[in-house]
Amino acid sequence: MGKTSKLANQIKYGLTGSKKKFGINYWRFFFNALNTTTAAEQMFYVEFEMLNPWISPEKAVLGYKSRVFVKAEDLQYALAGTQSATSLKTETIVQPSYCVVRIGKFGKDGKQLCKYFPVKDAEFGNKNFEIKIDQFLFSENALQGFISISQEELTAAPELLCDSGIAKWDISYVINKSIGNGFNSSGCRWFPAGLNTTFKGSLVFDGEEYKIDPVRSYGSMERYWGKSLMEPWFHISSSNLVSNITGKTLFGASFNVQGVSDGHVSFTGNIDDTEIVFSTDSSNKYQDLWQCTQMPEVEELEENRLHWSVSIHNKAWIIDIDVYCKINELCNRNIELPEGQRKVLNVLEGGSGFGEIKIYKRRKNDLEQIEFAKISNCICEFGHIEDSEL
C-alpha cells in the first residue's frame, strides 16, 4: 500500500476538540464498474460521513426533519384568535448530528441511497482504519454494505435527502499512490489519501449487477474534515489517462483538483511516476485560475456541456486542464452542513467527464512538455452553499 504509517493514521482520524460537536469528518471512495448484462461502464461513490457526531451521540438528529414546537397554551391562543397567536412557533430548527453511509451512481439516471446512525452505533478500529456500523464496513482494504430505501419511507421522511432503491456491495481495494498534501488550514483539512486506488468486487444497484475489474476501476479515495465544507466546491479527478504523445495508457497516473480554499484550488498528481503537488498551505507559492462554465450551444452537438478548467503554475511546473461533462449526465444533490439552519452544499456532479491535461516543466528559459494526455472517467463536481427548505 502506497502510504506511510503517518498517513495511515491520518486516514483513521479527523475531528478533534470542539470539532467533535461542530464539524464534518468525511471518507470518500470513487470507482468504475461494469454492468454484467450490458458491459456498460458506470461510475459510483461510497461515502462515510460524521456530522457534528457528539452533539447527539445516542440518537441520530437530522436537521431537515420537521419538528412541531407547539405547547398546549399555544393551541388555546390559536383557537381563541388572540394576539399571542401571531407569534406562535410552529417548528424548531435543530443542529444536525449523525453518521451517514451513502452509495451513489453518476449519470443520466444517477441517484444516491443513504442510511443514518448515531455515533454510539459505530465501532472504530484502534490500530488500523476500520469503521463498523450496522451492516456496513469501511476498512483499510474493504468496503461492504447493504441499503434498502422504499418510496414509502422516503415519502414519510424526505429529510433523508436521498432516493429510493436497493444497493449491496462487497469490495476490496488497494491504495497504489497516497499523497498527504492537499490543504491544511484552521478550518479544514483535505488530502487524496488514495490518489490512485485499485478496486475489485461486486455491486448490485437497483437490481442491476456490476463487477469491478481492477484494471478498469479507475479509482480514488480522499479524506476531508473541518468546521464545514468549502465554498464554492470545485473538484475534478481521474485515474484514466492515455498519452496523446505515445498513444499508451498511463498506468498508475492520476490527478485530483480540489477547492476552493483561500481563493485557490489544490492540485495533486502522479504522472509518469513523477509526483506533482500544488498545496494551498505549502511554502511553494503558485498562481492558479479555475472556473466551471456552461459551453455555448453548438449545432453539431446533441447535448450541452459544462466546462471545468484549471491553469496552475509555479517556478517549476505549468499545468493546464480542460474537462467537459454533458449536462444530461450530471446529477444534483444536497449535503447538509454542520452549521445547521438547514444549510446545504448544493452540488452538481458527474462521473463521465472527459478532456485533456498538459504538463510542462520549466528548464531555465525553456518549457519541456512532460505529458499531454486524454482524460476519461473524470469525477466532476461544482457547488455552492444554499439556505434550503424542503
Side-chain angles (χ1 to χ4, degrees), residues 1-3 27-36 38-47 102-108 110 112 141-143 169-179 191-203 205 208-223 235-244 246-258 267-273 275-276 308 310 321-326 329-331 349-357 359 371-381:
M1 183 176 293
K3 64 180 186 295
W27 290 260
R28 309 177 77 206
F29 301 82
F30 300 100
F31 55 88
N32 184 56
L34 302 176
N35 189 301
T36 58
T38 66
E41 291 188 344
Q42 176 68 57
M43 292 295 290
F44 289 90
Y45 60 84
V46 176
E47 302 174 344
R102 300 189 186 97
I103 182 169
K105 72 171 184 175
F106 299 104
K108 296 179 181 179
Q112 73 164 350
N141 53 28
L143 304 171
W169 61 98
D170 186 1
I171 302 169
S172 61
Y173 70 92
V174 175
I175 294 178
N176 305 310
K177 180 63 178 179
S178 291
I179 293 183
F191 58 96
L195 179 67
N196 185 286
T197 302
T198 299
F199 291 82
K200 179 182 179 180
S202 60
L203 169 71
F205 199 102
E208 296 283 342
E209 295 186 6
Y210 297 85
K211 288 293 182 182
I212 305 170
D213 178 3
V215 177
R216 299 172 65 182
S217 62
Y218 313 131
S220 64
M221 177 266 200
E222 60 183 40
R223 286 284 285 116
H235 174 100
I236 50 176
S237 62
S238 176
S239 294
N240 185 6
L241 282 74
V242 176
S243 176
N244 284 324
T246 66
K248 296 181 179 180
T249 299
L250 300 176
F251 292 106
S254 52
F255 75 90
N256 193 321
V257 179
Q258 179 68 56
F267 173 90
T268 54
N270 184 53
I271 310 294
D272 296 332
D273 294 323
E275 182 178 302
I276 307 171
W308 279 257
V310 178
I321 305 172
D322 290 287
V323 169
Y324 305 87
C325 201
K326 299 175 183 178
E329 293 181 357
L330 292 169
C331 311
E349 59 186 12
S352 57
F354 57 93
E356 294 177 333
I357 180 171
I359 302 175
E371 191 54 80
F372 173 30
K374 181 175 69 174
I375 301 168
S376 301
N377 298 91
C378 189
I379 305 299
C380 306
E381 296 180 321

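- Remark: aromatic rings of Phe199 and Phe30 are distant, center separation not under 6.0 Å.
- Between Arg223 and Ala193 the shortest heavy-atom distance is CG-CB, 4.1 Å.
- When all heavy atoms are compared, the tightest approach of Cys325 to Trp308 is CB-CZ3, 3.8 Å.
- Under the 4.5 Å side-chain criterion, counting only non-hydrogen atoms from C-beta, Lys177 is in contact with Glu275.
- Side-chain contact between Arg28 and Tyr45: absent, with no pair of heavy atoms (C-beta onward) separated by less than 4.5 Å.
- Aromatic ring orientation, Phe205 versus Phe44: tilted (interplanar angle from 30° to 60°).
- Every residue two or more places apart in sequence or in another chain was checked for a side-chain hydrogen bond (donor to acceptor under 3.5 Å, both in side chains) with Asn244, and none qualifies.
- Between Leu241 and Ile271, the shortest heavy-atom distance links the atoms CD2-CD1, 3.9 Å.
- Evaluated for a side chain to side chain contact (heavy atoms under 4.5 Å, CB included) with Ile357, the options Ile236, Leu250, Ile321 yield exactly one hit, Ile321.
- For Tyr173 and Phe31, the ring centers are positioned 6.0 Å apart or more.
- Closest approach of Ser352 to Glu329, counting heavy atoms only: OG-OE1, 2.5 Å.
- The nearest pair of heavy atoms linking Thr198 to Pro214 is CG2-CB, 3.4 Å.
- Across Glu208, Glu209, Glu41, a single residue satisfies side-chain hydrogen bond (donor to acceptor under 3.5 Å, both in side chains) together with Asn35, and that is Glu208.
- Across Trp27 and Met221, no two heavy atoms sit closer than the pair CD1-CE, 3.9 Å.
- By the salt bridge (Lys or Arg N to Asp or Glu O under 4.0 Å) test, Glu371 is found to be paired with no residue, residues two or more places apart in sequence or in another chain being considered.
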